[in-house]
Amino acid sequence: MVNKETLNQTALDVLKEVGNIGAGNAATALSKLVKKRLQMKVPSVQIVTFNEMMEMVGGPDESVAAIFLQIEGDLKGNMFFVLPIEQASLFVRQLTGSVKFSFQEPPYSDIALSAFQEMGNIVAGSYLSALSDLLQIQVVPTVPDVGIDMFGAIISYGLLEISKESDYAIVIDTEIIESYSNHQSESPIKGHFFLMPDTDSYRYILTKLGVATK
């Protein structure tokens with residue numbers, strides 16, 4: 001049985017390193033996109049149950065903005081990048097220059113949705129590329145979709161198939177920080193990167209990390 005107790009601290013440290021490499025690459029690309037100097041940090045990486053995942057976001061009824069994509073290649077599963085509504089709105093305002101934009105006030109312009117999708121595409125692509133390079137595996141992401149809804153409604157699509165054979169997600173906490181010459185902004189944009197591999201892919205990741213599975 002593959003469960004969160006299977007992962008040892010060394011494996012978690014490797015996954016955190018994957019997150020940090022991906023975050024660094026994403027920050028460089030996002031900085032060019034918004035024409036501001038950004039940094040991204042990964043405070044923690046953990047394995048959580050699907051119920052714990054819900055709690056991390058604030059519960060299934062919490063409104064969020066999310067990027068969703070599927071993973072193919074050597075790994076198969078689903079991936080979400082989730083931000084609170086106001087944090088996502090703030091980033092879209094930075095991307096588009098639309099100072100009054102908010103995901104709390106639909107309908108949303110195509111430009112805003114496209115900007116948020118591109119932001120998620122950069123973050124997800126950077127993380128998955130880092131995972132691919134470090135573990136020497138092929139990871140192929142699909143074109144991402146955008147969802148603005150309650151977290152339970154958004155995540156249910158990804159859980160539909162995965163939950164039949166797995167109960168856990170890999171969570172990479174993410175902070176996006178605007179940097180200035182002498183200091184950093186005091187209010188980072190905080191989100192969660194949820195990687196939900198199927199059981200075979202989960203075992204494959206553990207094997208690549210040197211963790212024995214049964």
Side-chain angles (χ1 to χ4, degrees), residues 1-7 12 15-16 19 22-23 26 40-71 77-95 101-108 112-113 115-117 119-124 127-128 141-142 144-177 185-199 201-202 205:
M1 176 66 180
V2 178
N3 54 46
K4 66 179 183 178
E5 284 74 29
T6 306
L7 276 179
L12 286 174
L15 287 174
K16 186 171 182 179
M40 289 183 66
K41 295 183 177 180
V42 177
S44 66
V45 174
Q46 53 191 312
I47 307 298
V48 300
T49 65
F50 293 153
N51 286 336
E52 290 170 337
M53 180 176 64
M54 294 283 186
E55 293 172 5
M56 290 180 71
V57 176
D61 296 332
E62 184 72 15
S63 294
V64 299
I67 300 293
F68 165 74
L69 55 85
Q70 293 179 306
I71 306 165
N78 300 311
M79 195 232 85
F80 293 83
F81 181 63
V82 179
L83 287 169
I85 286 288
E86 187 48 46
Q87 303 253 300
S89 300
L90 172 61
F91 207 84
V92 169
R93 289 196 291 271
Q94 292 179 342
L95 287 172
F101 173 80
S102 175
F103 276 124
Q104 293 176 328
E105 300 175 6
Y108 318 117
L113 291 174
F116 183 63
Q117 184 181 42
M119 175 260 206
N121 193 31
I122 288 172
V123 174
Y127 281 160
L128 292 177
T142 62
D145 289 325
V146 175
I148 314 296
D149 205 337
M150 291 185 295
F151 182 60
I154 290 175
I155 206 74
S156 63
Y157 177 72
L159 291 178
L160 192 60
E161 293 297 325
I162 297 295
S163 61
K164 296 177 181 178
E165 50 188 40
S166 177
D167 296 312
Y168 298 94
I170 298 171
V171 183
I172 301 175
D173 291 328
T174 301
E175 293 184 358
I176 304 172
I177 306 160
S185 59
E186 296 181 358
S187 301
I189 296 174
K190 297 182 180 181
H192 301 290
F193 172 87
F194 296 115
L195 177 61
M196 298 157 55
D198 63 23
T199 299
S201 296
Y202 194 29
I205 290 173

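Along the sequence shown, the residues carry numbers beginning at 1.
For Phe116, the ring pair (Phe, Tyr, Trp, His ring centres under 6.0 Å) partners at least two apart in sequence or on another chain are Phe103. For Phe81, there are no ring pair (Phe, Tyr, Trp, His ring centres under 6.0 Å) partners two or more places apart in sequence or in a different chain. Among residues two or more places apart in sequence or in another chain, the side chain to side chain contact (heavy atoms under 4.5 Å, CB included) test is passed with Leu90 by Arg93, Gln94, Ile189. Annotation: side-chain hydrogen bond (donor to acceptor under 3.5 Å, both in side chains) contacts of Asn121 (sequence neighbours excluded): none. In this structure Pro84 satisfies the side chain to side chain contact (heavy atoms under 4.5 Å, CB included) test together with Gln87, sequence neighbours excluded.
Checked by atom type and distance alone, the side chain of Lys16 pairs as donor or acceptor with a backbone atom of Pro43 at under 3.5 Å. Within the 3.5 Å criterion, the main-chain N or O of Glu86 finds no donor-acceptor partner in the side chain of Gln104.
Here the side chains of Ile205 and Pro197 are in contact, with some heavy-atom distance below 4.5 Å. Counting only heavy atoms from C-beta outward, the side chains of Asn78 and Ile155 never approach each other to under 4.5 Å. Met119 places a side-chain heavy atom less than 4.5 Å from the side chain of Ile176. Looking at heavy atoms from C-beta onward, Met40 lies in side-chain contact with Thr174 at the 4.5 angstrom threshold.
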>> Go through it in stages, so that I can follow the logic: the residues are Val48 and His192, the test is side-chain contact (heavy atoms from CB on, under 4.5 Å), and I'd like the CA-CA distance, side-chain angles, deciding distance and then a yes or no.
In response: CA-CA 12 Å; Val48 300; His192 301 290; over 6 Å; no
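From Phe193, atom CZ reaches atom CE of Met79 across 5.0 Å, with rounding to the nearest 0.5 Å. Rounding to the nearest 0.5 Å places CD of Gln117 at 8.5 Å from CG of Leu113. Taken from CD in Glu52 to CD in Gln46, the straight-line distance is 8.0 Å, to the nearest 0.5 Å. Atoms CD1 and CZ, from Ile154 and Phe68 in turn, are 11.0 Å apart once rounded to the nearest 0.5 Å. In this structure, CG on Leu83 lies 8.5 Å from CD1 on Ile67, to the nearest 0.5 angstrom.
Applying side chain to side chain contact (heavy atoms under 4.5 Å, CB included) to Leu195 and the options Val171, Val45, Ile172, Ile71 leaves one that passes, Ile71.
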Output a table of donor-acceptor pairs, distance under 3.5 Å, between side-chain atoms of residues 56-65 and any protein atom two or more places apart or on a different chain; print 'none' if there are none.
none

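Considering every non-hydrogen atom in both Ala23 and Val42, the closest pair reads CB-CG2, 4.0 Å. The two residues Gly19 and Tyr127 have their closest heavy-atom pair at O-CE2, 3.1 Å. Nearest approach of Phe50 to Ala169, heavy atoms of both residues: CE2-N, 4.0 Å. Nearest heavy-atom pair, Val92 versus Ala112, reported as atom, atom and distance to 0.1 Å: CG1-CB, 3.8 Å.
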